[in-house]
Amino acid sequence: MGGFSKNNLKGFVLALLSSGFIGTSFIIKKKGLRRAAAVSGVRAGVGGYAYLLEPLWWLGMITMIVGEVANFVAYAFAPAVLVTPLGALSIIVSAALAHFILKERLHKLGILGCVMCISGSVIIVIHAPQERAISSVQEIWNMATQTSFLLYVASVIVVVFVLIFHLAPQCGHANVLVFTGICSLMGSLSVMSVKAVGTSLKLTFEGKNQLIYPETWFFMVVVAICVITQMNYLNKALDTFNTAVVSPIYYVMFTSLTILASVIMFKDWDGQSGGSIISEMCGFIVVLSGTILLNVTKDYESSSFRGLYHPPLSSLSARLCSGNRDSLKHDEEENSVS
């Protein structure tokens with residue numbers, strides 16, 4: 001852990017705090033969405049916005065904002081390859097609280113998934129690259145306008161438009177990958193912009209004013225657009241599908257795309273040895289395996305608890321394609337059990 005700099009340590013601590021707040025916000029917002037749907041009779045997943053009048057939802061939103069602010073600052077100190085995978089810890093917080101508060105039962109093997117997430121995160125932290133020294137927002141702009149990253153941005157925009165205007169109306173409520181895919185794709189762009197804005201503010205506080213450059217304000221606009229889109233479709237995903245499905249799948253897709261975007265834009269792996277890169281990838285795979293194990297076993301336990309039978313090999317893909325009708329049935333069963 002010799003290459004773990006002071007800046008990386010600051011980013012690490014902030015990422016841990018962020019995971020705690022964000023994991024808690026999932027549960028609070030879910031409770032708020034349910035309460036709003038019970039009062040208005042219209043779910044957020046089918047276009048309802050009654051949750052905007054629900055104080056509990058706003059408490060969850062504030063909690064998430066606090067977590068996102070901590071995450072925002074973390075990106076100013078540490079590379080995305082280090083900060084983003086630590087979001088797996090928010091899944092552990094979410095799973096534990098969902099078990100006790102939302103009565104979404106956690107299978108014993110889910111504990112193994114939590115341990116795998118923590119172990120993988122430790123591996124990533126140990127082998128994480130050091131933050132690249134950046135002297136101005138214009139330097140970040142040059143990275144953002146390189147051909148390879150512009151191709152990535154164009155691809156993301158095309159896919160998001162297809163998901164929103166073609167797939168979401170047809171199967172958005174039948175496949176969790178549609179809503180979470182929109183969140184994850186936009187999230188990868190928001191993280192890159194957040195890192196740009198965070199670095200600009202950090203340099204400004206150090207006496208190098210970056211607010212005079214239009215590039216700083218452009219990145220701020222991108223952050224606002226991406227975050228608003230993420231929140232809208234994350235609400236739809238949370239209201240339509242089980243938290244045990246949304247949290248891990250969102251994490252897997254968001255983290256994978258963010259690491260890809262960061263490697264393309266910021267060249268995080270430049271200067272690292274092949275062994276360190278392989279170790280980071282192995283750590284990431286362990287984390288992904290842990291989140292999938294946590295998701296599958298938690299869902300299986302939930303089904304077993306209700307006396308329902310699912311073939312052992314119906315696996316994740318079959319469960320991901322459960323429709324809105326199954327989600328409504330799931331909520332009704334939860335209410336009857338409680």
Side-chain angles (χ1 to χ4, degrees), residues 11 14-15 17-19 21-23 25-26 29 61-88 90 131 134 137 140-141 143-146 148-161 163-164 168 177-202 210 214-238 246-247 249-266 268:
L14 288 166
L17 293 174
S18 171
S19 294
F21 281 108
I22 292 175
S25 75
F26 270 105
K29 290 178 69 179
M61 192 64 177
I62 291 172
T63 304
M64 175 171 280
I65 290 173
V66 172
E68 292 295 348
V69 169
N71 203 44
F72 176 93
V73 180
Y75 281 112
F77 289 98
V81 173
L82 168 61
V83 175
T84 306
L86 292 177
S90 68
E131 174 70 342
I134 297 176
V137 69
I140 301 177
W141 179 259
M143 298 177 187
T145 54
Q146 58 187 319
S148 56
F149 188 71
L150 289 177
L151 288 174
Y152 175 79
V153 172
S155 301
V156 167
I157 293 175
V158 170
V159 174
V160 166
F161 267 79
L163 289 173
I164 291 177
L177 297 179
V178 176
F179 290 153
T180 53
I182 296 170
C183 294
S184 302
L185 288 163
M186 296 300 288
S188 68
L189 297 183
S190 70
V191 168
M192 299 303 101
S193 299
V194 160
K195 187 168 181 61
V197 174
T199 303
S200 298
L201 293 178
K202 178 186 173 185
Q210 302 297 304
E215 291 87 350
T216 300
W217 298 98
F218 174 82
F219 285 125
M220 288 183 180
V221 171
V222 173
V223 169
I225 294 173
C226 291
V227 169
I228 291 172
T229 304
Q230 280 181 267
M231 291 301 99
N232 182 38
Y233 285 95
L234 181 58
N235 283 329
K236 291 179 183 293
L238 282 172
V246 175
S247 297
I249 299 305
Y250 177 49
Y251 167 77
V252 170
M253 296 178 67
F254 169 70
T255 304
S256 301
L257 290 168
T258 299
I259 289 178
L260 175 61
S262 184
V263 168
I264 294 174
M265 179 173 171
F266 290 100
D268 286 334

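Side-chain contact check for Ile259 versus Pro85: some heavy-atom pair is nearer than 4.5 Å. Contact check for Ile157 versus Phe161: side-chain heavy atoms found under the 4.5 Å cut-off. Put simply, the side chain of Leu234 reaches to within 4.5 Å of the side chain of Val246, judged on heavy atoms. With contacts defined as side-chain heavy-atom distances shorter than 4.5 Å, the pair Met192/Thr258 qualifies.
Classification of the Tyr233-Phe179 ring pair by plane angle, with boundaries at 30° and 60°, yields tilted.
Atom CD1 of Ile22 is separated from atom CD1 of Ile65 by 11.0 Å, given to the nearest 0.5 angstrom. With rounding to the nearest 0.5 angstrom, the CE atom of Met220 is 5.0 Å from the CG atom of Leu201. Rounded to the nearest 0.5 Å, atoms OG1 (Thr229) and CG (Leu185) are 11.5 Å apart. Note that OG1 of Thr145 is 9.0 Å distant from CD of Glu215, once rounded to the nearest 0.5 Å. Taken to the nearest 0.5 Å, the OG1 atom of Thr180 stands 7.0 Å off from the CD1 atom of Ile249. Going from atom CH2 of Trp141 over to atom CZ of Phe219 covers 6.0 Å, rounded to the nearest 0.5 Å.
Here the side chain of Asn235 pairs a donor or acceptor atom with the backbone of Met231 at under 3.5 angstrom. In this structure, the side chain of Thr216 engages the main chain of Gln210 through a donor-acceptor pair within 3.5 Å.
Within the structure, side-chain hydrogen bond (donor to acceptor under 3.5 Å, both in side chains) pairs that include any residue of residues 150-159 comprise Tyr152-Ser188 (at least two apart or interchain).
Atom CZ of Phe218 has 12 or fewer heavy atoms from other residues, nucleotides or ligands within 6.0 Å. Open room surrounds CZ on Phe21; 12 or fewer heavy atoms of other groups in view lie less than 6.0 Å from it.
The residue from Ile140, Val223, Val222 that alone fulfils the side chain to side chain contact (heavy atoms under 4.5 Å, CB included) condition with Val197 is Val223.
Smallest separation of non-hydrogen atoms from Tyr75 and Lys195: O-NZ, 2.6 Å. Between Ala80 and Asp268, the closest heavy-atom pair is N-OD2, 4.1 Å. Scanning all heavy atoms of the two residues, the minimum distance from Ala15 to Ala74 falls at N-CB, 4.1 Å. In terms of heavy atoms, Leu82 sits closest to Leu86 at O-CG, 3.4 Å. Residues Ala78 and Gly11 approach most closely at CB-CA, 4.0 Å, considering heavy atoms. The two residues Ala144 and Phe149 have their closest heavy-atom pair at O-CD2, 3.3 Å.
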